[in-house]
Number of protein chains: 2
Amino acid sequence: MVIKRPNRVTISNVAQAAGVSISTVSNVINGKTAAMSEETLARIQAAMLELNYHPSSVARGLAMQRTATLGLILTEIETPLFLQAVTPIEREARRAGYSLLLMNARNEADEREAVRLLQEKQVDGLMVVSTSDPRQNDHLHKIQAEGIPVALINRADLSAEFDQVNWDNAQGVTLVVEHLVRLGHRRIAILTGPSDRRSTQERLQGYRLGLAQNGIALRETLIHSGDYTAAAEAWRQSTLDLLALPEPPTAIIASDDIVAAVIIRAIQETGRKVPAEIAVVGIDDQPFSQYLGLSTVQLPVAEAGRQAIQLLFQRITSLSANAQHILLPCPLIIRDTCGAKKAG
Amino acid sequence: MVIKRPNRVTISNVAQAAGVSISTVSNVINGKTAAMSEETLARIQAAMLELNYHPSSVARGLAMQRTATLGLILTEIETPLFLQAVTPIEREARRAGYSLLLMNARNEADEREAVRLLQEKQVDGLMVVSTSDPRQNDHLHKIQAEGIPVALINRADLSAEFDQVNWDNAQGVTLVVEHLVRLGHRRIAILTGPSDRRSTQERLQGYRLGLAQNGIALRETLIHSGDYTAAAEAWRQSTLDLLALPEPPTAIIASDDIVAAVIIRAIQETGRKVPAEIAVVGIDDQPFSQYLGLSTVQLPVAEAGRQAIQLLFQRITSLSANAQHILLPCPLIIRDTCGAKKAG
DNA sequence: TTGAAAGCGTTACCAG
DNA sequence: CTGGTAACGCTTTCAA
């Protein structure tokens with residue numbers, strides 16, 4: 001189990017072994033094999049195999065000033081939701097011959113450091129997947145100004161500087177409200193996340209719009225705003241409070257699927273049935289949701305990742321193109337807990 | 001929104017601007033600033049700032065033959081469970097000054113290619129987080145033999161070649177059985193994954209051991225083996241079948257937490273109560289499980305990641321050390337669905 | 001078609 | 001303490 005650190009086999013070793021020049025080997029590596037005698041090609045390939053040669057991306061990167069590496073910064077890597085973007089991004093990157101340097105950015109300082117590191121690593125491009133916490137963007141402007149294009153996912157930067165893909169939180173909630181109204185609900189409650197989050201504001205906006213479009217007056221008592229990260233107990237209590245209202249809601253929209261699960265438990269705890277007596281709709285469409293039969297708003301995170309990396313590729317090949325903004329719709333996934341299946 | 005590709009600011013530009021030699025600037029970059037006049041140091045730092053200089057990791061990597069980059073290969077990146085390893089790995093890597101190159105390996109061919117790419121990128125070390133599908137390891141042996149140490153997480157390679165961290169699936173299930181027996185259960189069913197998976201075999205082994213230790217005869221009718229990836233319908237049906245038995249189980253162990261959620265729904269569907277009439281225990285401890293009050297076996301994935309990267313660091317600094325195998329215990333997380341809280 | 005040599009941006013060694 | 005300079009492994013003109 002001793003690991004030696006053998007001397008690296010280099011292109012010149014191969015050249016020597018094959019009795020050709022370095023440039024010729026280089027051409028083989030880069031597939032410029034069109035105008036080459038079959039025999040030399042074979043000889044070189046044999047030598048590479050024989051010596052177990054692996055070209056060095058590092059040396060190549062230095063020579064070409066291009067690393068074939070992309071940076072991916074995630075804020076809150078632990079949120080399974082945002083990880084959904086990683087799969088398609090990794091796939092597309094690899095397909096296009098790029099590798100992915102992954103960095104987590106728990107906070108602003110972290111993010112700045114990540115950007116600096118990625119710049120030193122000379123990535124060819126950078127993607128940032130954000131939670132909807134407000135953050136500064138000056139470091140992103142700077143790295144882009146220095147030649148490394150940046151694509152944003154879910155950061156909703158208002159400037160036109162960056163390629164970016166977002167999803168339409170407001171529209172998603174409006175969809176839910178409309179669906180619930182169509183099912184006959186008039187008293188629709190909503191539990192939202194921290195009010196300084198963009199996503200919270202957008203969702204409330206969508207909620208209001210949905211009600212307004214259906215001529216339903218807004219009742220402040222039906223809006224509970226709280227902290228996502230609060231213990232489940234807070235959500236449970238919010239639910240019980242809502243149920244104790246003189247005119248309790250007949251439907252509840254949760255700030256995410258986990259909250260929805262907690263709400264459902266709390267409802268069942270009081271002996272009420274979901275969805276027969278109260279409908280519940282989540283937001284997220286997490287992997288477990290389909291197994292719980294949870295109706296929910298799907299956030300197209302994977303699709304956003306896919307489109308973002310495409311934007312980035314375009315930008316890498318054409319640095320001076322205009323930045324594009326893509327806004328993805330959020331589909332409503334109808335399962336059991338909204339009651340549509342029975343009602344239908 | 002035009003991005004220029006400016007000429008790179010190099011160490012020699014800085015040297016020139018500061019009126020010193022390249023080596024001196026290099027020393028500053030590398031913190032070898034002890035024996036240097038305050039004034040030159042200040043001048044150099046000013047120049048770096050002024051020119052907005054960023055050292056090139058690529059050039060440094062070439063010169064030092066060390067990239068400060070680690071490879072991380074995930075099999076099935078989409079499984080939230082295994083992603084739990086990424087957070088601590090990324091944190092520890094960054095703390096130690098390393099970056100992380102992430103690759104997904106959907107299958108063997110993919111994995112081989114990933115290893116090859118990482119070798120070309122000249123990573124200083126490599127971690128592989130596996131599902132428990134059986135896989136070949138020859139490519140891992142090879143890259144390690146060429147000087148890039150490899151640490152395995154959940155691959156349970158039997159050879160002594162690799163540093164590796166695993167968790168004890170068998171022990172986890174034995175723990176569950178013992179706990180259930182202590183609560184008075186004698187007819188304990190188990191739903192397992194595909195029988196060719198190592199984890200399935202280990203869990204069944206733990207199940208048998210748990211029963212044996214308590215003098216309970218094994219009933220084949222209480223063991224349902226199936227495909228994880230099957231539709232929820234299959235699990236639901238398995239559950240209903242179990243309940244329809246002349247002597248139905250009073251407790252069910254699920255192959256993972258999502259399956260447990262489905263089982264619980266199926267049970268409730270028949271009008272039975274969990275855990276009052278039937279106890280259910282999952283395996284995984286997924287993020288949502290605590291919100292469902294699901295009792296479950298925790299798989300210490302994050303801890304495994306943490307320990308694996310430490311092993312890798314040790315090995316990087318001392319290539320010829322003996323490979324270490326770490327086997328982590330799986331704690332039983334007692335929440336609501338096993339009935340312990342009421343019974344207690 | 002193939003070969004020689006000049007970079008690419010750093011580090012590290014060896015003189016002064 | 002600082003400065004020259006030879007690597008590091010590859011790409012890319014430019015000649016032959």
Side-chain angles (χ1 to χ4, degrees), chain A residues 5-44 47-48 51-69 97 119-124 146-147, chain B residues 5-44 47-48 51-69 97 119-124 146-147:
Chain A
R5 176 81 79 185
N7 288 332
R8 197 155 230 294
V9 178
T10 74
I11 195 172
S12 78
N13 294 324
V14 176
Q16 202 159 10
V20 295
S21 82
I22 290 181
S23 350
T24 309
V25 178
S26 174
N27 283 334
V28 172
I29 294 171
N30 294 289
K32 304 186 179 180
T33 177
M36 198 155 68
S37 98
E38 290 248 333
E39 194 253 322
T40 36
L41 173 57
R43 201 150 31 107
I44 293 172
M48 298 207 295
L51 297 176
N52 193 21
Y53 168 72
H54 295 277
S56 157
S57 305
V58 177
R60 174 195 296 230
L62 182 58
M64 302 209 311
Q65 289 300 87
R66 174 182 175 286
T67 54
T69 302
Q119 180 164 22
E120 293 193 353
K121 292 279 181 186
Q122 292 184 249
V123 295
D124 297 329
E146 291 177 30
Chain B
R5 175 82 78 186
N7 288 332
R8 198 157 228 296
V9 178
T10 73
I11 195 172
S12 78
N13 294 325
V14 175
Q16 202 160 9
V20 296
S21 81
I22 290 180
S23 343
T24 310
V25 179
S26 176
N27 283 334
V28 172
I29 295 171
N30 295 289
K32 304 186 179 180
T33 177
M36 199 155 68
S37 98
E38 290 249 334
E39 195 253 322
T40 36
L41 174 58
R43 201 149 31 104
I44 292 170
M48 298 207 293
L51 298 176
N52 193 21
Y53 167 73
H54 296 278
S56 156
S57 305
V58 178
R60 173 194 296 228
L62 182 59
M64 303 209 309
Q65 290 300 87
R66 174 181 175 287
T67 54
T69 302
Q119 181 164 20
E120 294 192 351
K121 292 279 182 187
Q122 290 184 250
V123 295
D124 297 329
E146 291 176 29

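We name chains A, B, ... by the order of the sequence lines, and we start the count at 1 in each one.
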For A:Asn13, the side-chain contact (heavy atoms from CB on, under 4.5 Å) test, sequence neighbours excluded, returns A:Val9, A:Thr10, A:Leu51
Rounding to the nearest 10°, end axes of the helix from C:dT1-D:dA16 to C:dG16-D:dC1 built from five pairs each make an angle of 40°
Exactly one candidate in B:Arg43, B:Lys32, B:Met36 meets side chain to side chain contact (heavy atoms under 4.5 Å, CB included) with B:Thr24; the answer is B:Met36
Applying salt bridge (Lys or Arg N to Asp or Glu O under 4.0 Å) to A:Glu38 and not counting sequence neighbours gives none
Min and max contacting nt of DNA chain D in 5' to 3' order, chain A heavy atoms within under 4.0 angstrom, are D:dG9 to D:dT12
Sorted by chain and number, sequence neighbours left out, side-chain contact (heavy atoms from CB on, under 4.5 Å) with A:Ile22 holds for A:Ile11, A:Ser12, A:Ala15
In short, B:Lys121 meets A:Thr67 closest at the heavy-atom pair NZ-O, 2.9 Å
* Check every strand shown and say whether B:Val20 touches a base, only sugar-phosphate, or nothing at a heavy-atom separation below 4.0 Å. => sugar-phosphate
note: A:Leu41, atom CG; C:dT2, atom C1'; distance rounded to Å ~ 14 Å
Over all strands shown, is B:Ser57 touching base, sugar-phosphate only, or nothing at heavy-atom distances under 4.0 angstrom? nothing
Self-check item: Close side-chain approach of B:Thr33 to B:Val28, heavy-atom, < 4.5 Å
Solution: no
Between B:Ala68 and B:Gly97 the two heavy atoms that sit nearest each other are CB-O, 3.7 Å
Closest heavy-atom pair, B:Asn30 versus B:Arg60, reported as atoms and distance to 0.1 Å, is OD1-NH1, 3.6 Å
Heavy-atom closest pair (B:Arg8 atom, B:His54 atom, distance to 0.1 Å) is NH1-O, 3.2 Å
Closest non-hydrogen contact found for B:Gly61 with A:Val58 is C-CG1, 3.9 Å
Rounded to whole Å, the CD-P distance (B:Gln65 to C:dG9) equals 18 Å
Heavy-atom contacts, protein to nucleotides 10-16 of chain C, under 4.0 Å, summarised as B (base), S (sugar-phosphate only) or - (none) per nt, yield BBB----
